[in-house]
Each structure stands twice: as structure tokens, then as C-alpha cells.
Amino acid sequence: MKKLKRFLGVLGMVGVLTLVLTACGSRQALSKQDVLANDKASNTITWGVKADTKLFGLMDVKDSQIKGFDADIATAITKKILGKNGHAKFVQVTSQTRIPLLKNGNIDAIIATMTITAQREKQVDFSDSYFDAGQSLLVKKGSSIKSVKDLNKTGVKVLGVTGANSVENIKKFAPKAKVLELSDYAQAMTALKSGQGVALTTDNGILYGMASQNPGYEVVGGAFTKEPYGIAINKGQAPFKKKVNQALKEIEADGTYNRILKKWFGNVAGFDYKEASR
């Protein structure tokens, strides 16, 4: 009887593993299909967006909708590609999960404060840049930390988010500092408030959003890197990438881009809206 139970248990595990592998295979097959053709057939583009990043992508608890600059740009691009009745579907991602979800075919594209880097270009293709950010620091008002140079001391703890290239950048600019990585920006902000680090570092646009939610904190030091954001697309999807770039040019030419930029950043203290406009 015990042998029979063990056999059935092994058989059950084999069955589960088969289902998992089949599902993974299905997603991988989906990621290799013609995304543009599928999107036109469904009249929907599925975007990976952040839901914890004020100004770019934040979940509105009142209606459970993700709202922000990235979400609005994605919607505008969708309308240009699919027409006025085209639907933009949003799937929540983090810096850590966005590329795996794209590679598995769960989403068609990533628009989630994602900097174009040579390392990432080995895994995905990028659209033209749609937002020029720069890495900076968020600190408690009155902090002695005024620039990235102040972080380059042994024992100083800096907070970052796993999967964001800002973590690697801070290791270059302040190699003596210790970096504590959190899974998302909400956790990173909580860690800053509890004193687990003296500064939180990421792109300035994200930090200005966090500062607007937390009046006791401010962005300091200016931008010490250039972080051009791009829309990530699976490799082998040249027709879709071409349409995305064309749509970006169109929303810049007809004023849609600047209207969206002003909507989200026009009244943000410290952010130079006019300098960022296109």
C-alpha cells in the first residue's frame, strides 16, 4: 500500500510538472507570435505598467485603475496604432518582474520607467526614448546628505529597488556605501522613513512623485546620470516596434505628449516641465 501511495504521489507530481511546462511552453509560443497582428485582431494592446509609482503609474484605490504619465502615454499610443476604439489593457509589473512577463508573452510591451541600457538591449528591443530622466536622491528634510558624494562613506546605507539600474549606478558613484534593495518603491519609502537608510535613490521623476506624497522629504543633489526611458518590446517584433515609434512621433507632433506631460508634471515642485517638454 505504501509503495502504491508513493507511486501515485510521484505520478501526481509528474502531472503537475507537465501542466507547468505546457503552460510555460504556451506562453513562450505566444511571445513569438506576431504581436501587432494579434493586437489588431483583439483591438487591444496589453501593457506592463507600474502601480506603485506616483506620477508614472499608481493604483487609484477608489476605482482600482492604474493612472499616471506612463499609462496615459500607453493609451495615446494604443489609439494611434489601433484607432480611437482601441483598448489599452494594463498589467501591473515591478522592476523585477517586467522583463520576465514580457519574455513569457504575458504582456505586449513594457512602459514602466524603464531606462534604455546596453545590458537590457541584449534581452529586449526598445522604442525611441519617450522621457529623459536622471538619477537623484530622496532624503528627509534637514538631512546632511546633499549630493551623491556625501554617500561615499563606509557604513552609509542607501535604499534602492531590485531590478532598477539605479542600484548598479549608486555602486559606481558611491562604492563605499552599502545598498539595501527592496522589492518596490512603497517598501523603499517605508524603509527610508524607518531610518534603514539615509537616502533613497532612483530616477528624479519617480522621486518627485514620492516627495509630493511625503512632505517631510525632498529631492537633492540634482541628476548625476542620464536615464532615457524606452518602451520595451520582445525581440523579433519589428512591425510592432515600428508602429510604436511612429505613434510616439505622432503624439509629439500633435501636442498630445506635452498635454500629458503637463497634466502629470506641470505643477510638481522642482521638476522643470518646460525643459522636459518636446
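On a predicted model such as this, the values are computed, not experimentally measured, just so you know.
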Donor-acceptor under 3.5 Å ([X] side chain, [Y] main chain):
X	Y	result
Ser194	Ala191	yes
Thr46	Ile107	no
Asp52	Tyr185	yes
Asp70	Val49	no
Asn245	Lys242	no
Asn152	Lys176	yes
Thr94	Thr97	yes
Ser129	Pro228	no
Asn43	Asn85	yes
Thr190	Ala188	no

Side chains of [X] and [Y] in contact at under 4.5 Å (non-hydrogen atoms):
X	Y	value
Val139	Tyr217	no
Asn165	Arg120	yes
Thr201	Leu159	no
Asp203	Ser136	no
Gln196	Leu180	yes
Asn234	Asp108	no

Sorted by chain and residue number, the side chain to side chain contact (heavy atoms under 4.5 Å, CB included) partners of Ala51 (sequence neighbours excluded) come out as Met59, Ile66, Gln92
Would you please test Lys171 and Glu168 for salt bridge (charged side-chain N to carboxylate O under 4.0 Å, His left out) and show each step? CA-CA 5 Å; Lys171 291 177 181 178; Glu168 295 305 316; 3.7 Å; yes
Can you check salt bridge (charged side-chain N to carboxylate O under 4.0 Å, His left out) on Asp254 and Lys80, steps first, answer last? CA-CA 11 Å; Asp254 67 15; Lys80 291 294 184 182; 2.8 Å; yes
So, for [X] and [Y], which heavy atoms are closest and what is the spacing to 0.1 Å?
X	Y	result
Gly236	Asp125	N-OD2, 4.1 Å
Lys122	Lys235	O-CE, 3.4 Å
Gly205	Phe56	C-CE1, 3.5 Å
Lys193	Asn214	NZ-OD1, 2.6 Å
Lys50	Thr53	CD-OG1, 3.4 Å
Thr78	Ala88	OG1-CB, 3.5 Å

Scan Phe265, Trp264, Tyr257 and name whichever one has a ring pair (Phe, Tyr, Trp, His ring centres under 6.0 Å) with Phe131. Phe265
Go through it in stages, so that I can follow the logic: the residues are Ile45 and Leu82, the test is side chain to side chain contact (heavy atoms under 4.5 Å, CB included), and I'd like the CA-CA distance, side-chain angles, deciding distance and then a yes or no. CA-CA 9 Å; Ile45 298 178; Leu82 299 179; 3.8 Å; yes
Following the transitive rule for hydrophobic clusters with a side-chain heavy-atom cut-off under 4.5 Å over Ile, Leu, Val, Met, Phe, Trp and Tyr, establish whether [X] and [Y] coincide in one cluster.
X	Y	answer
Val161	Tyr208	yes
Leu192	Ile170	no
Leu55	Ile260	yes
Phe173	Ile206	no
Leu207	Val167	no

Given side chain to side chain contact (heavy atoms under 4.5 Å, CB included), test Glu227 with Asn169 step by step and report yes or no. CA-CA 11 Å; Glu227 307 294 331; Asn169 287 341; 3.1 Å; yes
Salt bridge check, Asp128 against Lys249: does any charged N sit closer than 4.0 Å to a carboxylate O? yes
If you measure from the Lys or Arg side-chain nitrogens to the Asp or Glu carboxylate oxygens, is any gap between Lys263 and Asp72 under 4.0 Å? yes
Once you measure the plane-to-plane angle for Phe69 and Tyr130, does it fall in the parallel (<30°), tilted (30-60°) or perpendicular (>60°) bin? parallel
For [X], does the [atom1] atom sit with more than 12 other heavy atoms under 6.0 Å from it, leaving out its own atoms?
X	atom1	value
Lys146	NZ	yes
Lys243	NZ	no
Asn267	CG	no

Worked verdict on Ser183 versus Thr162 for side chain to side chain contact (heavy atoms under 4.5 Å, CB included): CA-CA 6 Å; Ser183 63; Thr162 302; 5.7 Å; no
For a side chain to side chain contact (heavy atoms under 4.5 Å, CB included) check, start with the C-alpha distance between Phe126 and Tyr229, then their side-chain angles and the critical distance, and finish with the verdict. CA-CA 9 Å; Phe126 280 102; Tyr229 289 169; over 6 Å; no
